[in-house]
Amino acid sequence: MDIKLSTGAVATLMKGGEVDKPVFQILGFKKIAGQGGNDRFRLNISDGLHSHTFAMLATQLNHMIPEGELDNNCIIRAEKLISNAVSEKRVLIILDLTVLAKGNAVGVKLGNPVQYAEQNGNAAGAVNGGKPNGSDQTDTKPAVKPEFTAKPSGAFYGQGKPTSVLKTSPHKNNASFSGMNASDCVTIPIRDITPYGSKSAIKARVTNKSVVRTWSNSRGDGKLFSIDLLDDSGEVRMTGFNTAVDAFYDLIKVNEVYTFSKFSAKPANKQFTSLNHEYEISFVNDTSVIPCMDTDSDSIPTLSFQFMEIAFIESCENNKMIDVVAVCKSRGDVHAFTSKTTNKDLKKREVTLVDRTNTEIVLTLWGKQAEDFEDDTNPVIAVKGVKVSDFGGKSLSMMNSSVMMINPDIPEAHILRGWYDNEGMNVPTKSLVQQRGSGGGANAPWKMVREASTVDPSSAESGYYFRSKVTILAIKRENALYKACPEERCNKKVMDCNNGMWRCEKCNKEHPDFKWRLILHACFGDSSDSIWATCFQEHGELVLDSKSDVLGPLNEEQDAFDGIIKKAVFKSYTAKFRAKMEVYNNENRLKYTVMELNPINYGEYAQKLLAEIKENVA
Amino acid sequence: MADEHVSPHRARVNGAFLHQYHGKPVCLLGTIIRADGGGTSFQVKASDGNQINVRLRSPISEPLTGLVEVYGIGQGKNLVVADSFTTFPDSLGNNFEMNTYNEAVKLLHSVEGNLNPWIPT
């Protein structure tokens with residue numbers, strides 16, 4: 001066989017150079033499960049001088065391996081290849097190749113290729129499917145001493161299957177920080193994290209550490225925690241599960257710099273983080289965490305903020321995450337309550353923030369952070385990633401991913417301190433807090449029905465409220481009544497068990513009886529327009545002038561019920577309506593609900609009309 | 001004949017406006033101050049507080065009290081010759097906001113021109 005391998009091609013490519021159609025021998029390959037369920041093949045290629053285990057076969061060529069066109073020891077000419085830099089190494093991707101000689105024709109490994117400058121030898125042996133190739137063991141760079149790592153995995157992409165036969169003894173996930181010198185690891189910038197660099201290390205500052213969260217589902221129990229990492233190239237989120245929690249949670253401190261080596265990366269789930277990285281990383285069995293000496297950490301910036309001044313929050317859209325720095329003017333008490341929507345017990349504390357725009361806003365703290373905040377010294381607070389909401393006017397809310405620093409050592413904080421102590425505390429401020437009247441009453445203006453239906457209901461999160469004097473034009477007779485759980489506070493519809501019992505899913509109980517409840521759909525109109533709105537129990541009973549338990553049995557009797565409906569229509573009321581966009585199966589629908597319903601108080605109404613007329617005439 | 005009774009267009013008045021409708025149909029709302037002997041007349045306090053006499057064409061058997069609305073022909077400054085009237089139960093009469101009503105009466109008369117629908121031409 002007289003085919004010459006492109007000696008030196010590997011070295012050139014590794015140094016970032018280009019080689020035209022290099023000829024390589026394939027020493028081995030390994031199948032990997034890739035992103036999106038495609039198999040990928042990782043190749044160990046040799047140019048006779050060096051071998052390189054970080055070569056990937058493009059998926060369009062995958063078929064060549066099961067078809068036997070590519071096999072061990074075959075010689076190929078790479079027609080098209082690209083290289084991606086990952087830390088100091090390059091991953092080669094072979095996009096197109098020609099087989100110059102089949103493996104069995106060649107029969108032997110050509111030359112005596114040496115593994116090209118791999119930095120640690122742990123996984124080297126695994127490329128050849130379990131047969132450790134002698135030359136691969138000679139590393140030129142110091143390996144990460146295996147003391148901190150867990151059982152040797154030789155893993156690709158953190159998969160944890162022990163295939164390598166390295167002479168380390170299995171250790172449990174040991175977070176001892178002894179011995180290792182951080183500078184021995186070659187680190188990559190956070191910006192360069194990709195799923196292809198399983199042996200990368202990063203040096204970063206922990207800017208945020210979440211609480212340990214546990215879960216329990218059909219597959220068992222688990223726990224996790226997350227940290228946000230920052231270096232001068234970017235930020236990334238790292239999550240540790242189960243054993244990693246035990247090993248690392250207490251040791252990792254916020255605002256400290258550590259070197260994290262060996263982790264797995266996957267596309268980021270934006271739902272859980274506000275950080276701006278394509279990927280997020282996780283602890284694996286091998287992950288080691290080494291604290292950095294002070295000198296090393298100077299290059300890592302502390303938390304970076306992009307502050308928005310409070311006056312501008314007024315025009316900020318809801319659910320946006322922003323950073324704010326301000327003086328805490330006052331703090332409320334911890335308020336424990338049960339959430340109406342999720343039924344969870346929550347604790348919150350509201351603090352009032354003010355800044356140099358002389359505007360104040362409320363920031364809500366939750367849970368432990370709320371309980372712990374007892375500072376009455378008007379500290380400067382810097383918060384990162386708080387959510388803007390329209391609760392109570394305009395307000396801010398801490399999220400799980402938000403970070404709060406009290407009296408941080410940053411220039412903005414010093415300026416605020418000076419401002420507040422000298423003038424800020426005496427200056428009257430404009431507040432973005434709008435006190436909500438009972439049921440949003442303060443915001444329920446009188447409108448003609450036509451006027452009200454032109455207002456965009458999505459402008460306020462919890463709906464748009466308005467009052468009107470209206471007349472009932474029609475009532476939907478069907479399904480006005482339903483059978484509900486007889487328990488005091490429960491109004492859930494019960495299912496007929498057909499054995500004389502009624503089952504309530506919410507209370508998880510069966511009852512021998514039920515109570516009748518009303519959900520009345522009625523059409524309300526004035527001289528401008530009409531709308532269909534829903535009246536619940538209380539208002540429904542007012543409209544029909546009957547209690548629901550009387551109406552229930554009558555439901556079946558056509559005539560009697562018709563009589564009641566007939567008396568109810570064309571009566572007038574003053575009503576307060578809520579207009580809200582609701583989502584039903586991906587569709588947006590505008591729904592009106594009656595919040596208050598009263599017979600017309602003529603004296604009051606007349607006065608209102610007189611006032612309006614006089615105003616309009618003037 | 002009685003079936004084809006058509007009401008004339010009446011002006012709603014209080015004491016101050018009554019004299020403008022001498023010999024013309026008016027509607028007067030007020031509270032009864034006293035009934036005269038014989039049941040042929042009674043006195044009404046109009047919405048602006050003025051006292052107006054109401055003379056009936058046929059006598060009534062029982063004395064009236066409370067809120068009443070009189071329909072008839074205005075005579076001078078303080079007399080209405082009544083064709084008919086409406087009484088209101090105390091439940092309505094006691095809560096009636098006379099001030100607001102008076103404001104409304106004034107408002108009706110404040111609209112200038114021939115097109116005022118509340119004032120007969």
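The structure displayed is predicted, hence computed values, not measured ones. Values reported hereafter were calculated over all heavy atoms of this structure, with side chains retained and with hydrogens, waters and symmetry mates removed. Residue numbering restarts at 1 for every chain, and letters A, B, ... go by the order of the sequence lines.
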Original post:
Any side chain to side chain donor-acceptor pair (under 3.5 Å) pairs touching residues 54-63 of chain B, not counting sequence neighbours?
Top reply: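 Those involving residues 54-63 of chain B are B/Arg57-B/Asp83.
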
Subject >> Side chains of B/Asn14 and B/Asn102, donor plus acceptor under 3.5 Å >> reply: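 Judged by distance alone, the side chains do pair up.
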
Original post:
Charged N to carboxylate O under 4.0 angstrom, A/Asp562 versus A/Arg477?
Top reply: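 Result for this pair is yes, salt bridge flagged.
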
Subject >> Charged N-O contact under 4.0 Å between B/Glu103 and A/Lys614 >> reply: yes

Original post:
Using non-hydrogen atoms and a limit below 4.5 Å, what part of residues 92-100 of chain B faces chain A?
Top reply: B/Glu97, B/Thr100

**OP:** Heavy-atom distances under 4.5 Å only: say whether A/Leu609 touches chain B with side chain, backbone, both or neither.
**Re:**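 Interface part for A/Leu609: neither.
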
Subject >> Distance in Å, B/Thr31 OG1 paired with B/Leu67 CG, rounded so as to fall on 0.5 Å steps >> reply: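 One finds 7.0 Å between OG1 of B/Thr31 and CG of B/Leu67.
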
Original post:
What is the minimum heavy-atom distance between B/Val44 and B/Ile33, and which atoms define it?
Top reply: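 Nearest pair, atom of B/Val44 first, then B/Ile33: C-CD1, 3.9 Å.
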
